[in-house]
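Right, one structure below, let's go through it.
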Amino acid sequence: MLSLSEIRRRSVEFVQQWKDESSEDAEAKTFWDAFFQVFGQNRRQIARYEKLVMKAGSKAGYIDLFWPSVCIVEHKSRGKDLDRAFMQALDYFPGLTAEQLPRYVIVSDFARIRLYDLDEKTQDEFVLEELPEKTHLFGFISGYVQRKFRDEDPVNVKAAELMGHLHDALKDSGYTGHPLEVFLVRILFCLFADDAGIFPRDQFVTFIDSKTREDGLDVGSQISLLFQILNTPEDMRHANLDDELKSFPYVNGDLFSEPLPIPTFDSTTRGALLKCAYFDWTNVSPAVFGAMFQSVMDPVKRRNIGAHYTSERNILKVISGLFLDALTEEFEKSKNSESMLRALHTRMSDMRFLDPSCGCGNFLVVTYKELRLLEIKILKQIEKVGNKGRRGLQSTDVSTLSRLSVHAMHGIEIEEFPARIAEVALWLMDHQMNVEMAEAFGGYFVRLPLTDGPTIRNTDALELNWKSEVINTDADAQWFILGNPPFIGSKMMIEQQRAQIKKLFSNTPGSGVLDYVTGWYQKAAALIHGTNITCAFVSTNSISQGEQVGILWKFFTQKYGIKIHFAHRTFRWSNEGKGVAAVHCVIVGFGCYDRDTKYLYDYESVDGDPVRQVVLSINGYLTAGEQILILSRPSPVCNVPAMMFGNMPLDGGHLLLTPDERNELVRAEPIAAQYIKKCIGAWEFINSVDRYCLWMKGIAPSELRKMPIVMKRVEEVKQFRLASIAPSTREHADRPWEFRDTRHPDHNYFVCPRVSSENRLYIPIGFVGDDIVTSDSNLMIHDATEYHFGVLSSTMHMAWVRQVCGRLKSDYRYSKDLVYNNYPWPANATETMKEAVIEKAKAVLQVRSSHHGQSLADLYHQTTMPADLRKAHQALDKAVDLCYRKEPFKTERERVEYLFEIYRKLTVGFGVEAVNKSKRINTKKQL
């Protein structure tokens, strides 16, 4: 697939070629052949000219260009009527089968191009010269199929803010905790019911406005009475009840059953309630409930339980790949067959859904909404084909048409309050969809009293047996598992959570570094083993990077045979609540069976729309290709010099010196000067900060005793080490004048920081002299050359780093065992190619040295990086790329997939085990 930049370049050339072509000389077939080539497609392989079909009116005609199920092209001479051309294209539709019907129609007269998207009901027209700016419209040709998801409605956020004010007013009055939470749930239901047709329109707001005092003193008691009424069947209510209260319907569903303390209102609190009541809730999605409670819950508590309440737009990314796209495709194929439509309807009624970290139910609510909308489409189509002589709809009672209910929705939530919200949100979405169905087929459909509701369990999902308590895998129902489990990184987990993960993974080596979300993956994988159940989870992108990938997917592949069916690579996942918390996430859809077609969604930017690509397989790094497991290894997979840690002081700070301490020591004990060296950690190396150390490897005892001040420092090191609870630290107390590690070379050597900002295009690495000691916050290579520096400074290596290395917060955490030792170096680079890399590497070093007084932090900041250094790196990138292959790499993902394929060939069993040294590539040649 061509890169977007290449498509644009080709489109410019296409315009230059055809803009001056006269209509007499122009040949339509040549024009369209060239047009398709702009987007990387050979027209002959996908479309044909002059397709003969029967037109409307029983006349035969030839389609100018026909790509079955995708597009029709109708071409006219320059200046001809494009509206007429479009109508002519539509005339061919009766002669096509349902499977052949296209989504797109293109009409043109050489000078103008007009594109119709019949699904989206859009039309775009432009002159030929504008094609380079319009190439995105033709993603269906190039393979860049953009999925558009609906944006959040601002009305949802406004509703959440209003409820937040009411919450604050009640809490300030002293009404808190569980009673406040349940009270707000009930108020939310009443507000929604007032505008959505569950109650007579404005019944609740009229009750509050006309039946309570303006000072608010009786509001609490009146609302408490109303809650009792809503929980009482009409035939059991008191005969002398106020007519207005008596007219409220019986709700049931346990929503109003629990007795609550009566809240105290004043005029301010009553005003906050009335503002909520006068707000129009008609267009508020029940998914806003999560956003509302994100805006009012305690922020610290929210972080601890990992609650992230998300937008419908992002939820659709999960459910579309999991089941909705497949159902929609089946619906399109079944449109002309009543039996197929009914079979699809039956299949949907057998579907069950579990969100094992459901929070306020957002995923279940949106899932139910999309299913009901599709059900309405199916029923309309059954009615349509039935009017052509078939049975059609057999009932005129709209309440019996739907075969779907919230009973199919199951959730697990550790907190009681969100669990209750999830139940109510599902009921309200059910009502919205009942209204939609009533509008579509006539009648009035309100499902009251509430019965046969959703099942939301209030417990810890990781401690619950999903098979025995939630899902019966032996039943006929088709189950789907989905959600966004808590976003808690491995470093942020409390000990109880870490113990849960280790237990779930049977104390597999390395399981202690797995994020908390992997516990839900493991519970799901164990449940679905041997079934056709499919799952899709949102996760922070850390599970598709670094050491977690090898540990996680080795476990899943070997124990359960898990296959990834679809995945969204890194994008920004945000919610609708206050502050709009956002993290970089991925979506992984998986099952214990394979699929012929898999979809990988990529993003040009983390805030953009996904571009879908069909791939044969998806690995744990969420790239196209066979499963590959990159695990820590003690030595390089290729024949390159060993990388090692710098020297750990383990000294309590007593062997380290600031510049002032160094100067003071030299003045007091001049003999100490010969034992002082510069000492750099990652911070000092990147930021050009001076620090020093006492480096006394092999010093004679008599020499040491000549320096009393130094001796005092040495004694403090000894005491520090002896006081440690770690036996390995105490062992080093017998040589307290030395660093724990003394691997310092006697020549220039290579240094790489172990932690570096993700905002840099390249990790700042380099060479230092033997007069500088590096601490263990750096890695070092004693025998590295400019060739090694060049490759490790390249975009190719950085693509590997971004995919394979772990993260400290969001910064790169470079690991010698995981990143360096597994890196696939160029296997077939000639000496000439290597010399080119060396030349360009030296140029990078030379440019860096020419910027006197500038730190590596200054030089490699994305904004301040000097133009000459950027240019030098670009030249180096080209030289390194040529060591791998002649064809340029278009995207970072292409680089990663290429490197993974090399790595797979270098290793045994997809990288699960270290390779036999005798099978290594280029083992006889020093790289």
Side-chain angles (χ1 to χ4, degrees), residues 605-606 643 646 656-663 677-693 748-781 784-802 805-815 819-820 837-880 892:
S605 69
V606 292
M643 179 177 277
L656 302 176
L657 305 167
T658 66
D660 289 343
E661 289 172 334
R662 180 249 184 207
N663 294 337
K677 289 181 179 288
K678 273 194 172 184
C679 182
I680 56 169
W683 171 259
E684 291 80 14
F685 177 68
I686 294 174
N687 294 279
S688 297
V689 174
D690 287 337
R691 190 170 65 154
Y692 299 86
C693 69
N748 290 359
Y749 61 100
F750 170 92
V751 170
C752 174
R754 288 172 64 188
V755 177
S756 176
S757 171
E758 68 167 348
N759 293 322
R760 300 187 179 109
L761 296 176
Y762 308 92
I763 293 178
I765 58 179
F767 293 97
V768 297
D770 62 350
D771 58 331
I772 298 176
V773 173
T774 183
S775 75
D776 61 315
S777 63
N778 287 320
L779 298 163
M780 59 181 178
I781 302 174
T785 67
E786 285 89 351
Y787 174 71
H788 302 112
F789 168 84
V791 174
L792 296 178
S793 295
S794 68
T795 293
M796 198 69 177
H797 180 250
M798 285 304 300
W800 178 265
V801 168
R802 278 185 280 271
C805 83
R807 302 291 175 115
L808 183 61
K809 295 182 180 178
S810 60
D811 293 337
Y812 301 126
R813 187 176 62 190
Y814 197 99
S815 162
V819 182
Y820 179 80
V837 171
I838 292 171
E839 177 188 344
K840 303 305 181 184
K842 288 180 177 178
V844 168
L845 293 169
Q846 178 61 39
V847 171
R848 281 173 20 173
S849 65
S850 69
H851 291 276
H852 304 291
Q854 303 300 304
S855 69
L856 293 175
D858 298 326
L859 295 176
Y860 283 91
H861 190 283
Q862 279 206 45
T863 303
T864 62
M865 188 176 187
D868 56 351
L869 181 58
R870 193 183 297 269
K871 185 176 180 180
H873 266 286
Q874 290 169 349
L876 175 59
D877 286 339
K878 290 180 181 179
V880 173
E892 176 158 310

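Basis for what follows: all heavy atoms, side chains included, without hydrogens, waters or symmetry-related copies.
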message = Can a side-chain donor-acceptor contact be found between Tyr860 and Arg848 if the only test is distance below 3.5 angstrom?
response = yes
task = Verify the ring-centre separation between Tyr814 and His797: is it less than 6.0 angstrom?
result = yes
ask   = If you count the non-hydrogen atoms of other residues, nucleotides and ligands that lie under 6.0 Å from NZ in Lys677, is the total more than 12?
value = yes
ask   = How about Phe767 and His788: are their ring centroids closer than 6.0 Å?
value = no
remark   = Tightest non-hydrogen contact, residues Asp858 and Thr864, listed as O-OG1, 2.7 Å
message = Restricting to non-hydrogen atoms, name the atom on Ser775 and the atom on Arg691 that form the minimum distance, rounded to 0.1 Å.
response = OG-NH2, 4.3 Å
key: Non-hydrogen side-chain atoms of Cys752 and Met780 separated by less than 4.5 Å   = no
message = Please give me the minimum heavy-atom distance between Phe685 and Ile765, naming the atom from each residue.
response = CZ-C, 3.9 Å
message = If you define the side chain from C-beta out and look only at heavy atoms, does anything of Ile781 sit under 4.5 Å from Tyr820?
response = yes
request  = Provide the closest heavy-atom pair for Tyr762 versus Gln874 in the form atom of the first, atom of the second, distance.
outcome  = OH-N, 4.5 Å
key: Side chain to side chain, Val801 and Ile763, heavy atoms closer than 4.5 Å   = yes
task = For Asp877 and Ser793, work out which heavy atoms get closest and say how close.
result = OD1-O, 4.4 Å
message = Applying side chain to side chain contact (heavy atoms under 4.5 Å, CB included) to Ser777 and Val755, what does each step give before you reach the verdict?
response = CA-CA 8 Å; Ser777 63; Val755 177; over 6 Å; no
ask   = Taking side chain as C-beta onward, heavy atoms only, is Pro659 less than 4.5 Å from Tyr692?
value = yes
request  = Report the C-alpha distance between Lys678 and Asp771 in whole Å, list the side-chain angles of each, state the deciding distance to 0.1 Å, and finish with yes or no for salt bridge (charged side-chain N to carboxylate O under 4.0 Å, His left out).
outcome  = CA-CA 7 Å; Lys678 273 194 172 184; Asp771 58 331; over 6 Å; no
query = Hey, which of Gln854, Lys871, His851 is the one that makes side-chain contact (heavy atoms from CB on, under 4.5 Å) with Pro866?
reply = His851
